[in-house]
Each structure stands twice: as structure tokens, then as C-alpha cells.
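Just so you know, residue 1 is the first one in the sequence shown, and it goes up from there. Both ligands and their constituent atoms are indexed starting at 1 by order of listing.
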Amino acid sequence: MDAADLIWMNGEFVAWDDAKIHVLTHGLHYGTGVFEGVRCYDTESHGPAVFRHQDHVDRLFQSASMYYMDIPFTREQLREATLELIGRNGQRSCYIRPLVYRGYGTMGLFPLDAPVDVSIASWAWGSYLGDEGKANGIRARVSSWRRISPDSLIPQAKATGQYLNSILAKVEAHKSGYEEAILLDDHGYVCEGTGENLFIVRGGKIATPPLSSSLLDGINRRSAITIAQDLGYEVVERTISRAELYLADEIYCTGTAAELTPIREVDDHPIGTGKPGEVTRAVQAAFEDALHGRSDRYAHWLDPIPSHFFSKVAAS
Ligand SMILES: Cc1ncc(COP(=O)(O)O)c(C=O)c1O
């Protein structure tokens with residue numbers, strides 16, 4: 001992680017090395033936090049711009065609300081703080097991590113008396129599954145860990161404690177020589193990766209698991225569905241069985257960290273030709289155009305950093 005200059009904490013810009021919390025922070029013990037992963041791209045059309053910013057802010061508030069957390073800032077304040085942070089850090093492209101967590105003040109499992117703290121950090125971060133993975137595809141395995149079920153946690157919330165589930169699957173995949181894990185839901189249907197949604201292509205048609213399969217309602221999933229439909233592909237949301245992964249012509253995954261990454265092998269079965277296929281390539285190219293501001297059609301997904309935030313760097 002490349003340190004930036006500043007981190008935003010509870011309404012203040014603090015130096016990177018001063019962004020500290022108490023060891024008795026509630027969220028550190030019980031996983032009582034919610035967060036977002038967001039990216040800013042140095043776009044060709046609008047300069048540095050945050051991709052689908054409002055959607056991420058909205059999901060942050062929804063996640064917080066489902067865990068009974070009242071965020072002591074408005075959506076607009078957090079959006080503005082993020083734009084200013086990126087500008088003041090002088091970053092033209094970066095990964096952004098807003099975090100809302102139960103802070104220091106009370107312990108025990110009843111959380112509602114603990115304060116709700118908010119931080120936003122930004123740093124330079126390349127594609128999560130690697131440039132080589134984005135170009136040629138990654139190898140994945142079906143995890144022995146099932147995705148958290150909707151009757152024990154809230155799959156639609158992006159909550160910190162819930163990520164122990166992804167972490168178990170990720171470590172298992174890594175230790176057994178794969179780059180990513182694919183988790184099944186509690187009914188045994190295909191759900192998602194540890195931090196990505198999944199798409200399969202068969203006979204030119206695209207399918208992706210439905211929200212009822214316990215997945216996170218990924219913002220890039222939504223973008224990839226729109227883009228594929230705009231390219232003329234049929235996209236269906238339906239339950240997908242494990243064997244359909246092996247039988248697919250193409251598979252790809254989407255997420256803010258991973259962007260759009262092809263999957264070339266699952267459980268040692270090559271997918272299609274074992275190389276990213278034609279549909280994946282077409283959707284990936286249009287998706288990259290959207291991220292990097294090369295497409296007028298999706299320009300409304302970009303939230304540009306106002307130039308006066310950058311001028312603060314020059315002035316200070
Ligand atoms: C479990 C999980 N699924 C899917 C995604 C993809 O979501 P998005 O496209 O909003 O980044 C993420 C990343 O946030 C995730 O953590």
C-alpha cells in the first residue's frame with residue numbers, strides 16, 4: 001500500500017501516520033463495521049473521477065442501517081469529503097476505503113451505546129487479481145466454505161465482520177494453489193468470489209446468480225449487466241449450479257478491486273478454450289472504456305474531482 005498524505009477521520013483531515021484508534025474500539029473486537037471499496041480513475045474525458053460514487057455512498061448507508069448504525073454525517077458530506085481527500089492527496093487515480101465502525105466507549109455485544117466513527121482512506125492500488133489475471137484470466141476453485149447464509153447474517157450488507165467468510169475461502173484457495181475462490185450459497189448454488197460477482201457465458205448468452213443467491217449487490221455487477229445488454233447480449237439472473245461452471249464457454253468476475261477479470265479455469269477444468277473468450281473480451285473492453293471515461297454513454301457514472309481540491313495541494 002502506498003501511503004498518501006492524509007486520511008479523513010470524523011470530519012478532520014489527519015496525517016497518514018496519525019490516523020490511529022484505541023485497542024478497545026468496538027469494531028476491532030466484534031466486527032461491527034461497514035465499508036465500501038471505491039475507485040477513482042484518471043479519466044480521459046473528465047480528469048480524475050470517482051466511478052459510481054453515489055451508488056457506493058448509498059450502499060454504505062444501507063449497510064450501516066441494516067446494522068443499526070446511524071452515520072453522523074450526510075451522504076453529501078461523505079461524498080464531498082472523499083472528493084476533497086483525493087484532491088488534497090494529489091491522487092489522479094486511487095482506491096478509496098470509506099469505513100463506518102463502532103468506536104471506543106463501551107464493550108460487550110450490545111453495540112448501540114458505542115459511538116459510530118467514520119474514516120475515509122485513499123491509496124494507489126493496482127488491480128486486485130493482477131494485470132496478468134485481467135489479461136489472460138485466473139484459476140479459481142470452488143471453496144469448501146459456503147457463503148454466509150441470509151438467516152445468520154446479511155449478505156447484502158458490506159460489513160467488516162462478514163469478511164471472515166471471504167478470508168477463509170481466500171486463504172484456502174491460495175494455499176491450494178489457486179488465485180481465487182468461488183463460494184456456493186447455502187443451497188449449493190454458485191454465489192460469488194471472495195470480493196467479486198460472477199458471470200458465465202454459454203452459447204453466447206450471459207447468466208449471473210440472482211440477488212437471492214446471497215451475494216453482494218455489486219455495483220460493477222450492475223454496470224457489467226447494463227454494458228452487456230447495451231452491447232446486445234442477453235443477460236439472465238438465475239441460479240447456477242456448480243457443473244454449469246465447468247460447462248461454461250466463458251466465465252468472468254466483476255468488482256471494484258478486481259475490475260473485470262476473466263476466469264480461465266475452475267477446479268482444474270479449463271473454461272472453453274482456456275483463454276478469455278469473445279464475449280468476455282467485448283464486455284471487458286466496454287467496461288474499461290466506462291471506467292476510464294472513454295465512453296459518453298456512461299459518463300453519468302463518473303463523479304469528477306473538482307479542480308479546486310487539487311489546487312489546495314499546489315497552494316500548501
Ligand atoms: C463479497 C463481495 N461480492 C461482490 C463484490 C463486488 O462489489 P462491487 O462491484 O460493488 O465492488 C464485492 C466488493 O465489494 C464483495 O466484497
Give the numbers and elements of all ligand 1 atoms closer than 4.0 Å to a heavy atom of [X].
X: Gly255; value: 6 (C), 9 (O), 11 (O)
X: Asn197; value: 4 (C), 6 (C)
X: Ile219; value: 8 (P), 9 (O), 10 (O)

Note: [X]-[Y] ion pair, threshold 4.0 Å (strictly below):
X: Glu179; Y: Arg139; result: no
X: Glu180; Y: Lys170; result: yes
X: Arg297; Y: Asp230; result: yes

Return the residue, atom name and 0.1 Å-rounded distance of the protein heavy atom closest to [atom].
atom: atom 14 (O) of ligand 1; result: Lys158 NZ, 2.8 Å
atom: atom 11 (O) of ligand 1; result: Thr256 OG1, 2.7 Å
atom: atom 7 (O) of ligand 1; result: Gly218 CA, 3.4 Å
atom: atom 9 (O) of ligand 1; result: Asn220 ND2, 2.7 Å
atom: atom 16 (O) of ligand 1; result: Tyr163 OH, 2.4 Å
atom: atom 3 (N) of ligand 1; result: Glu192 OE1, 2.8 Å
atom: atom 2 (C) of ligand 1; result: Gly195 CA, 3.7 Å

Could you grab the distance from atom [atom1] of [X] to atom [atom2] of [Y], nearest 0.5 Å is fine?
X: Phe61; Y: Met66; atom1: CZ; atom2: CE; value: 13.5 Å
X: Leu291; Y: Gln284; atom1: CG; atom2: CD; value: 10.0 Å
X: Arg264; Y: Lys275; atom1: CZ; atom2: NZ; value: 10.5 Å
X: Ile154; Y: Gln62; atom1: CD1; atom2: CD; value: 12.0 Å

(message) Looking only at distances, can you tell me whether any N or O atom of Arg59, backbone or side chain, sits closer than 3.5 Å to an N or O atom of ligand 1?
(response) yes

(message) Would Glu36 count as a contact residue for ligand 1, given that I'm defining contact as a non-hydrogen atom of the residue lying under 4.0 Å from a ligand atom?
(response) no

(request) Compute the minimum heavy-atom distance from Thr194 to ligand 1 and say whether it is under 4.0 Å. (result) yes

(message) Quick one: does any side-chain atom of Arg97 pair with a main-chain N or O of Glu36 as donor and acceptor, under 3.5 Å?
(response) yes

(request) Could you check Ile251, Ile263, Ile271, Asp267 and say which one makes a side-chain contact (heavy atoms from CB on, under 4.5 Å) with Leu245? (result) Ile251

(message) For Leu215, which part has a heavy atom under 4.0 Å from ligand 1: side chain, backbone, both, or neither?
(response) neither

